[in-house]
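FYI, the numbering just counts along the sequence from 1.
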Amino acid sequence: MTWCFSLYLVQICITIGVSAHKCNVNQAMKNQQVVPDVIPVAPKEILQVNYISGAKALLGNELTPTNVKDQPSVSWNADSNSFYTLCLTEPDDPSRAEPTQREWHHWLVGNIPGGNVSLGETLSGYIGSGPPPNIGLNRYVFLVYQQPSKLSFDEPRLSNRSVEHRNKFSINRFALKYNLGTPVAGNFYLAQYDDYVPILYQLLGIN
């Protein structure tokens with residue numbers, strides 16, 4: 001029975017384009033210190049993250065800011081009768097070596113009915129990756145939480161052109177505040193500076 005399950009798990013990994021050794025979300029997040037830098041306990045399920053560029057988050061693969069400039073589509077094994085919170089957060093602001101602004105959240109959506117993100121309540125509009133030059137790879141972590149019920153969020157509403165109130169965020173603290181428990185699905189990628197970053201900074205009014 002265990003052998004059959006292992007084969008099934010490998011088939012799932014191959015189907016979604018993830019090598020078998022990376023199919024364990026917990027191990028991948030521990031390897032890159034997402035646990036404990038961002039969350040104390042990793043989710044068990046992989047969150048599918050697909051960009052219109054064709055790029056996918058695959059538990060720590062490297063993507064470019066150009067790859068991820070547009071809001072992705074995401075999916076997970078959602079209960080149609082539940083509400084969810086989705087977050088994309090960066091623990092390495094401005095760099096992994098010196099994360100003085102940890103965390104900088106790039107996307108935050110609450111009250112998602114089932115898995116339909118478009119019908120959720122956008123608290124912070126999506127902003128792609130914009131790591132500074134010459135600092136190496138930063139981590140970008142997607143997490144989904146199952147809410148206990150539909151919630152009233154008292155967070156500031158941020159557009160995808162607003163950088164205010166995004167730094168020194170903590171998704172773990174946010175989850176505790178709203179009694180979200182541990183994440184039910186997650187994924188992450190790594191990114192470093194490319195030629196799109198100055199364009200993003202200009203759009204955001206960053207000098």
Side-chain angles (χ1 to χ4, degrees), residues 12-39 41-77 84-97 99 101-109 115 117 124-145 160 163 166-167 169-172 183-197 199-201 204:
I12 292 174
C13 293
I14 293 172
T15 299
I16 64 173
V18 184
S19 59
H21 74 280
K22 281 192 172 182
C23 200
N24 187 314
V25 181
N26 179 59
Q27 192 59 55
M29 289 191 170
K30 284 184 175 179
N31 287 345
Q32 286 291 340
Q33 291 85 49
V34 173
V35 175
D37 287 353
V38 180
I39 48 175
V41 178
K44 295 180 180 179
E45 183 187 337
I46 294 176
L47 175 70
Q48 303 300 318
V49 180
N50 297 286
Y51 285 92
I52 61 173
S53 64
K56 298 181 179 183
L58 295 174
L59 293 175
N61 60 324
E62 183 176 349
L63 302 177
T64 68
T66 301
N67 290 153
V68 302
K69 64 186 181 68
D70 299 306
Q71 180 177 308
S73 62
V74 300
S75 61
W76 66 98
N77 185 25
Y84 294 86
T85 292
L86 165 69
C87 180
L88 170 59
T89 191
E90 176 191 6
D92 304 326
D93 185 27
S95 70
R96 189 162 181 174
Q101 300 299 307
R102 174 180 293 175
E103 300 161 22
W104 206 95
H105 74 279
H106 289 251
W107 196 19
L108 188 60
V109 185
V117 177
S124 300
Y126 178 85
I127 294 176
S129 300
N134 305 313
I135 56 118
L137 293 165
N138 281 5
R139 297 166 292 175
Y140 298 85
V141 183
F142 290 90
L143 295 166
V144 170
Y145 294 80
N160 62 358
V163 296
R166 289 183 184 260
N167 65 326
F169 175 79
S170 167
I171 186 55
N172 192 51
V184 296
N187 209 329
F188 68 102
Y189 66 86
L190 311 177
Q192 58 186 323
Y193 181 92
D194 77 354
D195 291 342
Y196 177 70
V197 174
I199 298 172
L200 177 62
Y201 286 4
L204 298 173

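- Under a 3.5 Å cut-off, the side chain of Arg102 and the backbone N or O of Pro91 do form a donor-acceptor pair.
- Looking at Asn187, its side chain does come within 3.5 Å of a backbone N or O of Ala57 through a donor-acceptor pair.
- Here Asn167 pairs with Gln101 under the side chain to side chain donor-acceptor pair (under 3.5 Å) rule; sequence neighbours left out.
- Annotation: side chain of Leu143 is in contact with side chain of Met29 (closest heavy-atom distance under 4.5 Å).
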Practice prompt. Would you please test Tyr126 and Leu88 for side-chain contact (heavy atoms from CB on, under 4.5 Å) and show each step?
Written response: CA-CA 8 Å; Tyr126 178 85; Leu88 170 59; 3.6 Å; yes

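- For the pair Pro131 and Val197, the minimum side-chain heavy-atom distance is below 4.5 Å.
- Side-chain atoms of Glu45 and Asn77 form no donor-acceptor pair, as typed in the model, at a separation below 3.5 Å.
- Minimum interatomic distance between Ser129 and Val68 (heavy atoms only, all atoms of both residues): OG-CG2, 3.6 Å.
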Practice prompt. Could you walk me through whether Phe188 and Leu59 pass the side-chain contact (heavy atoms from CB on, under 4.5 Å) test, one step at a time?
Written response: CA-CA 5 Å; Phe188 68 102; Leu59 293 175; 4.3 Å; yes

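- Rounding to the nearest 0.5 angstrom, the gap separating the CG atom in Leu58 from the CG atom in Leu63 is 7.5 Å.
- Inter-residue side-chain proximity for Leu108 and Cys87 is flagged as met; some heavy-atom pair is nearer than 4.5 Å.
- Across all non-hydrogen atoms, the minimal contact from Trp104 to Asp93 is CD1-OD2, 3.0 Å.
- Gln192 approaches Pro65 most closely through the heavy-atom pair O-CD, 3.1 Å.
- Ring pair Phe169/His105 is tilted by interplanar angle, where 30° to 60° counts as tilted.
- For the pair Val141 and Ile39, the minimum side-chain heavy-atom distance is 4.5 Å or more.
- With hydrogens and angles ignored, the 3.5 Å screen pairs a side-chain donor or acceptor of Tyr201 with a backbone N or O of Gly130.
- Residues Ile127 and Arg166 form a side-chain contact, since some pair of their non-hydrogen atoms from C-beta on lies under 4.5 Å apart.
- Taking a 6.0 Å sphere around CG of Asp70, one finds it holds more than 12 heavy atoms contributed by other residues, nucleotides or ligands.
- In plain terms, the two heavy atoms of Gly128 and Leu200 that are nearest each other are O-CD2, 3.7 Å.
- Listed for the Gln33 side chain is a donor-acceptor partner under 3.5 Å among the backbone atoms of Asn31.
- When side chains are defined from C-beta on, Asp37 counts as touching Arg139, because their heavy atoms get closer than 4.5 Å.
- Here the closest heavy-atom approach between residue Leu47 and residue Ser75 is recorded as CD1-O, 3.4 Å.
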Worksheet item: Where do Gln32 and Leu190 land on the side-chain contact (heavy atoms from CB on, under 4.5 Å) test, with the steps shown first?
Response: CA-CA 10 Å; Gln32 286 291 340; Leu190 311 177; 4.2 Å; yes

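- Between Phe142 and Trp107, the ring planes are perpendicular. Angles over 60° get that label, and only those under 30° would be called parallel.
- In this structure, Leu204 CG and Ile199 CD1 are separated by 12.0 Å, a value rounded to the nearest 0.5 Å.
- You'll find the side chain of Tyr193 stays beyond 4.5 Å of the side chain of Asn134, heavy atoms only.
- Using a 4.5 Å cut-off on side-chain heavy atoms (C-beta onward), Asn61 and Tyr189 make contact.
- Side chain of Glu103 to backbone of Ile171: a donor-acceptor contact under 3.5 angstrom is found.
- The heavy-atom pair separating Pro132 from Pro94 by the smallest distance is CD-O, 3.5 Å.
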Worksheet item: For Thr89 and His106, what are the C-alpha separation, side-chain angles and deciding distance, and is it a side-chain contact (heavy atoms from CB on, under 4.5 Å)?
Response: CA-CA 6 Å; Thr89 191; His106 289 251; over 6 Å; no

